[in-house]
Amino acid sequence: MESPAAFILVGIPGLQSSYLWLAIFLSAMYTTALLGNSLIMTVICMDSTLQEPMYCFLCVLAAVDIVMASSVVPKMVSIFCSGDSSISFHACFTQLFFVHAATAVETGLLLAMAFDRYVAICKPLHYSRILTPKMMLGMCVAIIIRAIMTMTPLIWMLTHLPFCGSNVVPHSYCEHMAVAKLACADPMPSSLYSLIASFLIAGSDLAFIAVSYVLILRAVCGLSSHAQWKALSTCSSHVGVMALFYLPGMSSVYVAWLGQDTVPLHIHVLLADLYLIIPPTLNPIIYGIRTKKIQERMWRLMLYIFFNLSSRCS
């Protein structure tokens with residue numbers, strides 16, 4: 001049975017009259033995400049004083065955020081601006097793979113950053129001995145391999161489903177459930193695999209993150225109030241980034257699985273879209289504001305670029 005040459009992405013059903021404003025909003029957020037994450041990566045890579053484990057994990061997180069946003073936003077803006085809603089069969093599943101793999105890598109990085117905070121606060125004397133460059137590289141490689149090995153079977157299952165009916169995807173990107181429902185065969189095996197894989201990856205990561213913070217809170221309870229504030233303030237950026245990632249994600253999954261008959265389709269699609277664009281946009285802003293070292297280096301780099309350009313123009 002032949003598969004369709006292309007799928008048609010609807011966009012956000014019911015909000016066609018707001019497509020221009022949505023395109024402007026998404027373009028602004030995507031530009032912010034690209035500039036902010038690129039600036040974070042540049043500052044960390046150029047400054048030798050920021051070659052600590054936490055900043056290295058943050059650098060990888062910024063790269064993953066760029067991949068996540070770039071996988072979906074350009075096509076969304078194209079749909080909203082020009083109505084170019086066609087996406088080829090293979091491009092659709094490539095997009096789906098990168099979206100799911102990027103989210104799996106991001107949750108793993110959040111766990112690695114929680115482990116970093118645990119070691120820094122609970123075992124400060126052993127910090128450099130535990131989080132060696134070799135250990136950090138091994139953690140990053142393991143997180144990426146876990147994402148690839150988990151998502152490859154899902155894509156294989158989807159691409160081998162027969163798509164003999166409609167090729168219209170009621171979504172603004174190739175979201176797994178929206179594409180799987182178009183198959184002429186029962187999509188339950190791939191849907192069940194996706195649910196179990198998401199639960200195992202995100203659920204286990206969240207559980208270990210919770211354990212890390214319980215141990216951190218136990219460790220700081222015996223400190224003075226000033227020391228408690230100083231220790232916990234180093235975790236505030238990480239907590240903010242986790243909230244941005246997990247809360248919209250859990251809301252999107254809850255609506256997709258439990259609220260299909262009660263929540264309007266455009267709300268479901270909007271939640272799924274914002275889940276992929278809000279964290280990449282706000283993560284560099286949170287770390288830029290809450291981390292003094294990064295804030296100082298970012299201002300220094302921007303002033304250097306500004307004065308360098310000014311001198312060339314004059």
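We count residues from 1, following the sequence as given.
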According to a hydrophobic-cluster definition based on side-chain heavy atoms being under 4.5 Å apart (Ile, Leu, Val, Met, Phe, Trp, Tyr only), do [X] and [Y] belong together?
X	Y	value
Met113	Phe208	yes
Ile145	Leu200	no
Leu131	Leu137	no
Met149	Val141	yes
Met135	Ile143	yes

Is the shortest side-chain heavy-atom distance between [X] and [Y] below 4.5 Å?
X	Y	value
Met151	Leu96	no
Asp116	Tyr127	yes
Val211	Leu215	yes
Leu35	Leu39	no
Ser85	Val169	no
Met157	Ser194	no

Write down the atom of [X], the atom of [Y], and the distance for their closest heavy-atom approach.
X	Y	answer
Pro279	Phe245	CG-CA, 4.2 Å
Thr281	Ile277	OG1-O, 2.7 Å
Val168	Leu182	O-CD2, 3.4 Å
His176	Ser191	CE1-CA, 3.6 Å
Ser172	Ile79	O-CD1, 3.7 Å
Gly11	Phe80	CA-CE2, 4.1 Å

Pairwise distance [atom1]([X]) to [atom2]([Y]) - rounded to 0.5 angstrom:
X	Y	atom1	atom2	result
Leu276	Leu271	CG	CG	11.0 Å
Ile8	Ser166	CD1	OG	9.0 Å
Ile196	Leu154	CD1	CG	11.5 Å
Tyr193	Leu195	OH	CG	12.5 Å
Thr32	Asn37	OG1	CG	10.0 Å
Ile87	Phe7	CD1	CZ	9.5 Å

### Message
Applying side-chain contact (heavy atoms from CB on, under 4.5 Å) to Tyr246 and Asp205, what does each step give before you reach the verdict?
### Response
CA-CA 11 Å; Tyr246 285 115; Asp205 288 351; 4.1 Å; yes
Under 3.5 Å, side-chain donor or acceptor atoms of residues 17-26 against the rest of the protein: list the pairs with distances, not counting sequence neighbours.
unit_1, atom_1, unit_2, atom_2, d
Tyr19, OH, Val10, O, 3.1
Tyr19, OH, Ile12, N, 3.0
Tyr19, OH, Ile12, O, 3.3

### Task
Would you sort out whether Arg218 and Cys122 count as a side-chain contact (heavy atoms from CB on, under 4.5 Å), showing the intermediate values?
CA-CA 9 Å; Arg218 284 180 56 186; Cys122 299; over 6 Å; no
### Task
Please name all residues satisfying side chain to side chain contact (heavy atoms under 4.5 Å, CB included) with Ala185, sequence neighbours left out, ordered by chain then number.
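With neighbours one apart ignored, the set is Leu161, Pro162.
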### Member of Val99, Thr103, Leu244, Leu247 meeting the side chain to side chain contact (heavy atoms under 4.5 Å, CB included) criterion with Tyr275
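Of all the options given, the one that passes is Thr103.
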### Message
Just to verify, what does Glu52 make a side-chain hydrogen bond (donor to acceptor under 3.5 Å, both in side chains) with, not counting sequence neighbours?
### Response
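Once residues adjacent in sequence are excluded, the partners of Glu52 under the side-chain hydrogen bond (donor to acceptor under 3.5 Å, both in side chains) criterion are Lys293.
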### Task
Could you note down all residue pairs passing ring pair (Phe, Tyr, Trp, His ring centres under 6.0 Å) where residues 98-125 supplies at least one of them, sequence neighbours left out?
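Residue pairs passing ring pair (Phe, Tyr, Trp, His ring centres under 6.0 Å), neighbours aside: none found.
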### Message
So does Ala104 get a backbone contact from the side chain of Thr107, meaning a donor-acceptor N/O pair under 3.5 Å?
### Response
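No: the side chain of Thr107 does not pair with the backbone of Ala104.
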### Task
Report the C-alpha separation of Glu106 and Asn283 in whole Å, then their side-chain angles, then the decisive distance to 0.1 Å, and conclude whether the side-chain contact (heavy atoms from CB on, under 4.5 Å) test is met.
CA-CA 12 Å; Glu106 184 141 346; Asn283 285 354; 3.5 Å; yes
### Task
Please test His238 against Tyr213 for ring pair (Phe, Tyr, Trp, His ring centres under 6.0 Å), starting from the C-alpha separation and ending with a verdict.
CA-CA 11 Å; His238 182 246; Tyr213 273 95; 5.8 Å; yes
### Message
Is there a ring pair (Phe, Tyr, Trp, His ring centres under 6.0 Å) between Phe93 and Phe97? Walk through the geometry before answering.
### Response
CA-CA 6 Å; Phe93 289 104; Phe97 173 80; over 10 Å; no
### Task
Applying side-chain contact (heavy atoms from CB on, under 4.5 Å), run through Leu282 and Met29 and close with a yes or a no.
CA-CA 9 Å; Leu282 297 184; Met29 294 189 75; 5.7 Å; no
What side-chain donor-acceptor pairs closer than 3.5 Å can you find for residues 71-78, not counting sequence neighbours?
unit_1, atom_1, unit_2, atom_2, d
Ser71, OG, Val67, O, 2.6
Lys75, NZ, Asp84, O, 3.0
Lys75, NZ, Ser86, O, 2.7

### Task
Scan for disulfide (SG to SG under 2.5 Å) pairs involving residues 9-108, sequence neighbours excluded, and state none if there are none.
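Found Cys92-Cys174.
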